There are 2 protein chains.
Amino acid sequence: MKPALTRRQQEVYDFLREQAADLHPSPSLEELCRAMDLNSRGSLHKHIRALVEAGLVEPMSRGRGIRLAAGADAPGHLPFLGYIAAGRPIEAVVDPREVEIPAWLRGARPCYVLEVRGESMVDEGILDGDRVVVESRDHARNGEIVVALVDDREATLKRIEQRPGKTVLHPANAAMAPLEFAPERVAVQGVVTGLLRSYR
Amino acid sequence: MKPALTRRQQEVYDFLREQAADLHPSPSLEELCRAMDLNSRGSLHKHIRALVEAGLVEPMSRGRGIRLAAGADAPGHLPFLGYIAAGRPIEAVVDPREVEIPAWLRGARPCYVLEVRGESMVDEGILDGDRVVVESRDHARNGEIVVALVDDREATLKRIEQRPGKTVLHPANAAMAPLEFAPERVAVQGVVTGLLRSYR
DNA sequence: CACCGTTGTTCTCCTTTCGTTCTCTCCGGT
DNA sequence: ACCGGAGAGAACGAAAGGAGAACAACGGTG
């Protein structure tokens, strides 16, 4: 019972997540229409209904807008898969712990948590010991921070730039230079959607 | 048991939270009417009754006042109190929403959430738009990042260094110099215990 | 005490909004 | 052609939101 989202349904869902992450109140159908550049509530309603059946959105009831499903996709915890450092493969952690992650930091697809080792992204505000929420994806948009696997050996955390004929991985550290690869050598494993840091 | 608030009910509830946060006395129905731009007490009373049934507001007594119920915070959530412009100005207005925060980012005492404005802490990995979890405290250890109130006017986010005779607030931005004050002029409001960032 | 204004409460009546369903059209792909 | 995704628009019923009147319980003033 998981018919997979269509293009527009995905757009609507992404927009709802954005809104929620920005602390906006649940929009009504009409507000959503305006935001999505639609002129018909009926059309939007079809998409919402699809999302409800997919378990991603709570069934609407009168007057309280459209809210993301809290129960279905929010066990509140994500698996902690290990550590990631520039230049080395991901160190898988033996004991599969789980980390509590708020819903507004998660992506649409399944997510997991990695802990950052090293200083390769300090200029982007990602420090040693930070935990990043990674959304499992095999593609990325330019400018996103990705977990990239180079030559099936080295997993790194970098900002990605895909250009015709080459893929550039930008570290965010003045002491390191951007790395260029043939596109075939770089496999995107996931995209960073959130970051958490504990002081203590 | 938990019918979820409707649109207007949420507005009324938010307004009451603002009032309470600013030490205003419990308003009467008519005062609330004027504040909410309503012409009828009866209409407002419907919303209040809904809030009472939701357990968010204490039942009114004939004397005077609409009081918030104690301990109505959702579990796993912390109040979002507004913005802290880490540059110079005062702490900003109250925006009484709640943010989901994992337990492992919270401190021992009551906590709240602020959103960071400005670049004064970039070298510590705190960027514009990040949300910080602040534990309410009136003292700090050296090296902790604190919300400090200087001369009862300016709230800033800085790393604190307390030395005999003077208190130094260190911004983490190469373009800004540390600020030195007499200890009496600096009041610690809270200590940063966690940080969250959403990418997208 | 009777008088008055205030405050909480309940009740009708009305308008607006919202979710829902329906039909019809358009476009792109196999 | 066929089909499914996507949008427009109309229409309906139910709920939300609001206005206003009416009423009981107080608190003061004369």
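Keep in mind that what you see is a predicted model, and the values were worked out from it rather than measured.
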Atom-pair distance ([atom1] on [X]; [atom2] on [N]), nearest Å:
{"X": "B:Leu38", "N": "D:dG17", "atom1": "CG", "atom2": "P", "answer": "11 Å"}
{"X": "A:Glu58", "N": "C:dC18", "atom1": "CD", "atom2": "P", "answer": "19 Å"}
{"X": "B:Arg49", "N": "D:dG17", "atom1": "CZ", "atom2": "P", "answer": "13 Å"}
{"X": "A:Glu31", "N": "C:dT17", "atom1": "CD", "atom2": "C1'", "answer": "11 Å"}
{"X": "A:Gln10", "N": "D:dA6", "atom1": "CD", "atom2": "C1'", "answer": "16 Å"}
{"X": "A:Asp37", "N": "D:dG7", "atom1": "CG", "atom2": "P", "answer": "10 Å"}
{"X": "A:Gln9", "N": "D:dA6", "atom1": "CD", "atom2": "C1'", "answer": "10 Å"}
{"X": "B:His47", "N": "C:dT10", "atom1": "NE2", "atom2": "C1'", "answer": "15 Å"}

Hey, is [X] close enough to [Y] for a salt bridge, meaning N to O under 4.0 Å?
{"X": "A:Glu135", "Y": "A:Arg106", "value": "no"}
{"X": "B:Arg159", "Y": "B:Glu161", "value": "no"}
{"X": "A:Lys158", "Y": "A:Glu124", "value": "no"}

On a plain distance test, is the side chain of A:Lys46 in donor-acceptor contact with the base of D:dG5 below 3.5 Å?
no
Between [options], spot the one nearest the side chain of [X], thanks.
{"X": "A:Asn39", "options": "D:dG9, D:dA6, D:dA22", "result": "D:dG9"}
{"X": "B:Ser40", "options": "C:dG19, D:dA16, D:dG20", "result": "D:dG20"}
{"X": "B:Arg41", "options": "D:dG18, C:dT9, D:dA6", "result": "C:dT9"}
{"X": "A:Arg7", "options": "D:dG18, D:dA22, D:dA6", "result": "D:dA6"}
{"X": "B:Ser43", "options": "C:dT10, D:dG7, D:dA19", "result": "D:dA19"}
{"X": "A:Arg8", "options": "C:dT7, D:dG17, D:dA6", "result": "D:dA6"}

A quick test of your reading: do over 12 heavy atoms of other residues, nucleotides or ligands sit less than 6.0 Å from CG of A:Asp152?
no
For D:dA15, does OP1 or OP2 lie under 4.0 Å from any side-chain N or O of B:Thr6?
no
Test applied, side-chain contact (heavy atoms from CB on, under 4.5 Å); reference residue, A:Leu196; option that passes from A:Leu105, A:Val99, A:Asp130
A:Leu105
Using heavy atoms to find the nearest nucleotide of DNA chain C for B:Leu29 and A:His45 separately, return the residue whose nucleotide is more 5′.
B:Leu29
First encountered from the 5' end of DNA chain C, between B:Pro59 and A:Glu30:
B:Pro59
Check every strand shown and say whether A:Leu44 touches a base, only sugar-phosphate, or nothing at a heavy-atom separation below 4.0 Å.
nothing
